[in-house]
**Student:** 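This is the structure I want to talk about, given as structure tokens.
Numbering of ligands and ligand atoms starts at 1, following listing order. Bear in mind that the values here come from a model prediction, so they are computed numbers and not experimental data.
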Amino acid sequence: LPHQLREYVDENTIGVVAILGVTYTCTYEPVAEFAAELDRLQAEKGLDVPLHVDAASGGFIAPFLHPDLAWDFRLSRVASINASGHKYGMAPLGVGWALWRDKSALPEDLVFHVDYLGGDMPTLALNFSRPGGQVVSQYYTFLRLGREGYRQVYQACADTAQHLARQVAEMGPFTLLYDGAGALPAVSYTLTDPASTSWSLYDLSDLLRMRGWQVPSYPLPPDRQETVIQRVLVRHGVDRDEIELLADDMRRAIKHLDEGRPQDASRASFHH
Ligand SMILES: *Cc1c(COP(=O)(O)O)cnc(C)c1O
């Protein structure tokens, strides 16, 4: 939480990272509030700590679905941003982006000056021969779909996620943690009462896997590890019909688990 920053930030802090699209819950961290708190810390203590935004998952969602959310270089505190083209960017696996606010935000010692075939070539990339096809592919997708195309694709994903969220809420055993509105096109939830449920989310993941669905279950990070959650990401190409099949399989699996044997304690601690 933003107010906790002052417990951690001191004169040795080289930067703070805010996450736009938290892996666990699929929500956005409050980047602007982090920035405001760092502004206050600078005013009070003179510490000028830059903010990096890890927008691996949200970097290609927020500009299209939440254009008024200031999480990027509109905030003067933000010095750098990364975004994964291969997640919600619709580019092939292996392309990610890192942006710096300006040249002064990129330390000169990260840049290699290569004297290559007779000229100075400043490069920040990994050196030597690497494929550039994914970059070209993402460039093509930008041109092909445009801003409005990206918006339509991801609005459809978000609508599908919210449709699933409504069904998950009605299934009975779950409490929604995120309903697909306001951040990633995704849903996350937990068992409302794990102690009196005869099965675990891991059991549910296993049954869904038998039907071809990879729905991960995992504990939250240290300090909240007793809470196990499950999430569904809705990507480009997953439509209502498909998510309807998932919801049907979830209802069937829950019925099966409710009728089945009591939970085997040795499996309760298994996780992916
Ligand atoms: C996926 C992810 C990464 C790693 O990104 P890659 O493009 O897979 O290297 C970093 N941070 C967050 C929050 C992520 O979701």
**Student:** Please state which protein non-hydrogen atom is closest to atom 3 (C) of ligand 1 and give its distance, to 0.1 Å?
**Tutor:**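 Ranked first by proximity to atom 3 (C) of ligand 1 is Lys87 NZ, 3.5 Å.
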**Student:** If we ignore hydrogens and angles and just use 3.5 Å, is the side chain of Tyr218 paired with the main-chain N or O of Tyr24 as donor and acceptor?
**Tutor:**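 Checked: pair present.
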**Student:** Go through ligand 1 atom by atom and flag the ones less than 4.0 Å from a non-hydrogen atom of Ser84.
**Tutor:**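 Near Ser84, meaning under 4.0 Å from one of its heavy atoms, ligand 1 has 5 (O), 6 (P), 7 (O).
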**Student:** For Gln138 and Val95, indicate whether the former's side chain and the latter's backbone hold a donor-acceptor pair under 3.5 Å.
**Tutor:**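 Pair absent, no side-chain N/O of Gln138 close to backbone of Val95.
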**Student:** Can you list the ligand 1 atoms lying under 4.0 Å from a non-hydrogen atom of Ala56?
**Tutor:**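 In order of number, 2 (C), 3 (C), 10 (C), 11 (N), 12 (C), 14 (C), 15 (O).
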**Student:** Which atom names give the shortest non-hydrogen contact between Tyr28 and Gly182, and what distance separates them?
**Tutor:**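 Looking at all heavy atoms of both residues, the closest pair is CE1-O, 3.4 Å.
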**Student:** Below the 3.5 angstrom mark, is there an N/O of Asp54, backbone or side chain, next to an N/O of ligand 1?
**Tutor:**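 N/O-N/O distance below 3.5 Å exists for this pair.
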**Student:** Heavy atom under 4.0 Å from ligand 1: found in Asn82's side chain, backbone, both, or neither?
**Tutor:**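 No part of Asn82 comes within reach of ligand 1.
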**Student:** Closest heavy-atom contact between Gln167 and Ala247?
**Tutor:**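 In this case the closest contact between Gln167 and Ala247 is OE1-CB, 3.5 Å.
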**Student:** How far apart are the closest heavy atoms of Pro50 and Ala79, and which atoms are they?
**Tutor:**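 Closest pair (atom of Pro50, atom of Ala79, distance): CB-CB, 3.8 Å.
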**Student:** Any idea which atoms of ligand 1 are less than 4.0 Å away from a heavy-atom of Ile19?
**Tutor:**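 In order of numbering, the contacting atoms are 13 (C).
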**Student:** Where is the tightest heavy-atom contact between Arg101 and Ser76, given as atom of each residue plus distance?
**Tutor:**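 Smallest interatomic distance, heavy atoms only, reads NH2-CA, 3.3 Å.
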**Student:** Go through ligand 1 atom by atom and flag the ones less than 4.0 Å from a non-hydrogen atom of Thr23.
**Tutor:**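 This gives 13 (C), 15 (O) as the contact atoms.
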**Student:** For atom 8 (O) of ligand 1, what is the nearest protein heavy atom, given as residue, atom name and distance?
**Tutor:**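 For atom 8 (O) of ligand 1, the nearest protein heavy atom comes out as His86 NE2, 3.3 Å.
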**Student:** Would Arg251 and Asp248 pass as an ion pair if we require N to O under 4.0 Å?
**Tutor:**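 Salt bridge flag = yes for Asp248 with Arg251.
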**Student:** Mark the output for Ser57 as yes if a heavy-atom distance to ligand 1 is under 4.0 Å, and as no if none is.
**Tutor:**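 True for this residue.
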